[in-house]
Amino acid sequence: YNPMSYPFSRTVMSNPPRTECMSSLEESVSPPVETTDVLGLPIAPLTFDESMERIERLIEARESSYFITANLNYAMLSARDAHLRTINRDAAFILADGMPLVWASRGGSRPIPERVAGSDLIFAIGELAARKDYGIFIFGGAPGVAEMASRRLEERYPGLRVVGTLSPPFREFTVEENAAIIEQIRAARPDVLILAFGQPKGEIWIHEHCRVLGVPLSTQLGASIDFAADRVRRAPRWIQRIGGEWVFRLACEPRRLFTRYWANGLFFLRALLVKSRR
């Protein structure tokens, strides 16, 4: 498999195989999302509002499902890992949480209309949950961050029910720990499960446990709970609008992010070269 053999952007009709987490979603979220293949990812070219409509429909369907917010780093990881590509096919949809994916889709027959950032979705989901009485479970992040995020969201959206929080250790879970985590989430009976793991750990964990959890909708939003907890400051809106949020984050955390962003940049440049040759 050669990820660079993909066209930079192409449109396909999403028709994923039936899986444990998508057993009867066709009726509840129809019509199917027409996806655009960007750097090997089947991205749903949805606006933010359209994404929230789909999210609400998935919750109301009461079937176990998940969606993915993908950035350039996730595209690079997926190109290297066949298992991630299976996870991507089984997702209800994948959103472009990264301006490079939006840019890469331009020139195709169905470009992505806008970036749909997980750091914005966490607040929109909180507002939706407060309005519709959905329960949310926040799982992940550094010790205490999930609890802090839940308090901030409950203050911001009166009536919001955060039915559980959990901050696991930064290591592989033992069989016993994993079983206890699953039981805690199941007992809380959330409508939405928000994970804050690193990529691709969160996506893999959701895919592996989607059915047994019995949660209508799960998603991995990573560092978004740090923003929700007011622990990390986001770039100003004008920087976000021009696609420069990654520069802002790199300036704030150069030691942690430089190597990853360097690798992402090389991956993107190789894709640009392939496109120019075509």
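Side chains included, hydrogens not; waters and symmetry mates left out as well; all remaining heavy atoms used.
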| task | Please check if the side chain of Ser105 supplies one atom and the backbone of Pro111 the other of a donor-acceptor pair under 3.5 Å. | result | no
| Should Val175 and Ile181 be regarded as members of a common hydrophobic cluster, given that ILVMFWY residues are connected when their side-chain heavy atoms come within less than 4.5 Å of each other, either directly or indirectly? | no
| task | Identify the heavy atoms of Gly135 and Val163 that sit nearest to each other, and give their distance. | result | CA-CG1, 3.9 Å
| Set of residues satisfying side chain to side chain donor-acceptor pair (under 3.5 Å) with respect to Glu56, sequence neighbours excluded | Lys132
| message | Could you see if Leu128 belongs to whatever hydrophobic cluster contains Ile125? Use Ile, Leu, Val, Met, Phe, Trp, Tyr and a side-chain cutoff under 4.5 Å. | response | yes
| request: Report yes or no: is the cationic atom of Lys201 (NZ for Lys, CZ for Arg) under 6.0 Å from the centre of the six-membered ring of Phe139, at an angle within 45° of the ring normal? | output: no
| note | Closest heavy-atom pair, Asp191 versus Tyr134, reported as atoms and distance to 0.1 Å, is OD2-CA, 3.2 Å
| Taking side chain as C-beta onward, heavy atoms only, is Leu58 less than 4.5 Å from Pro216? | no
| remark: Nearest heavy-atom contact between Ala146 and Gly140 is CB-O, 3.8 Å
| said: Working to the nearest 0.5 angstrom, can you tell me the gap between Ile112 CD1 and Leu46 CG? | reply: 9.5 Å
| query | Are any of the side-chain heavy atoms of Asp120 and Arg115 separated by less than 4.5 Å? | reply | no
| said: What's the separation between atom CD in Glu177 and atom CD1 in Ile182, rounded to the nearest 0.5 Å? | reply: 12.0 Å
| request: Check the angle between the aromatic planes of Phe197 and Trp205 and answer parallel, tilted or perpendicular using the 30° and 60° thresholds. | output: perpendicular
| field | Any side-chain heavy-atom pair of Ile43 and Thr35 under 4.5 Å | value | no
| said: Ignoring hydrogens, what is the shortest heavy-atom contact between Val38 and Leu101? Give both atom names and the distance. | reply: CG1-O, 3.6 Å
| said: Please tell me whether Leu195 and Met148 are part of a single hydrophobic cluster in this structure, the criterion being side-chain heavy atoms less than 4.5 Å apart. | reply: no
| query | Within a strict 4.5 Å, meaning less than it, do heavy atoms of the Pro45 and Pro113 side chains meet? | reply | yes
| query | Can Thr219 and Leu193 be said to form a side-chain contact (heavy atoms from CB on, under 4.5 Å), step by step? | reply | CA-CA 6 Å; Thr219 189; Leu193 172 63; over 6 Å; no
| request: Give a yes or no on whether Glu172 atom CD has more than 12 heavy-atom contacts from other residues, nucleotides or ligands under 6.0 Å away. | output: no
| Is it the case that Arg89 and Thr86 place a side-chain donor and acceptor less than 3.5 Å from each other? | yes
| message | In the structure I gave you, are the side-chain heavy atoms of Glu147 and Val162 within less than 4.5 Å of one another anywhere? | response | no
| Point-to-point distance, once rounded to the nearest 0.5 Å, from CD of Glu34 to CZ of Arg110 | 4.5 Å
| field | Nearest-0.5 Å distance, CG of residue Asn88 to CZ of residue Phe93 | value | 13.5 Å
| note | Here the gap from Leu160 atom CG to Glu154 atom CD, rounded to the nearest 0.5 Å, amounts to 5.5 Å
| message | Is it the case that the side chain of Arg152 and the backbone of Ala228 share a donor-acceptor pair, with hydrogens and angles ignored and the cut-off at 3.5 Å? | response | no
| message | Please evaluate residues Ile55 and Val192 with respect to the criterion side-chain contact (heavy atoms from CB on, under 4.5 Å), reporting the C-alpha separation (whole Å), side-chain torsions for both, the decisive distance (0.1 Å), and the verdict. | response | CA-CA 10 Å; Ile55 285 169; Val192 181; 6.0 Å; no
| said: For a side-chain contact (heavy atoms from CB on, under 4.5 Å) check, start with the C-alpha distance between Asn178 and His209, then their side-chain angles and the critical distance, and finish with the verdict. | reply: CA-CA 10 Å; Asn178 203 54; His209 302 98; 2.9 Å; yes
| Quick check: are there more than 12 heavy atoms from other residues, nucleotides or ligands sitting under 6.0 Å from CZ of Arg189? | no
| Is there side-chain contact between Ile204 and His207, with heavy atoms separated by less than 4.5 Å? | no
| Test item: Leu39 and Leu72 side chains (from C-beta on) under 4.5 Å apart, heavy atoms | yes
| note | Nearest heavy-atom approach of Ala117 to Phe48 is O-CE1, 4.4 Å
| Euclidean distance, Leu217 CG relative to Ile206 CD1, rounded to 0.5 Å | 8.5 Å
| said: Please evaluate residues Gln184 and Phe137 with respect to the criterion side-chain contact (heavy atoms from CB on, under 4.5 Å), reporting the C-alpha separation (whole Å), side-chain torsions for both, the decisive distance (0.1 Å), and the verdict. | reply: CA-CA 10 Å; Gln184 184 173 342; Phe137 195 110; 4.1 Å; yes
| Are the side chain of Tyr66 and the backbone of Glu203 linked by a donor-acceptor contact shorter than 3.5 Å? | no
| Hey, does the side chain of Arg186 reach the backbone of Val212 with a donor-acceptor pair shorter than 3.5 angstrom? | yes
| task | Would you indicate whether the side-chain heavy atoms of Gln220 and Thr69 approach each other to under 4.5 Å? | result | no
| query | Does NZ or CZ of Arg54 lie under 6.0 Å from the centre of the six-membered ring of Phe67, at an angle within 45° of the ring axis? | reply | no
| query | Does the side chain of Asp97 come under 3.5 Å of the side chain of Tyr74 through a donor N or O and an acceptor N or O? | reply | no
| Which atom pair, heavy atoms only, marks the closest approach of Val102 to Ala96? | CG2-CB, 4.3 Å
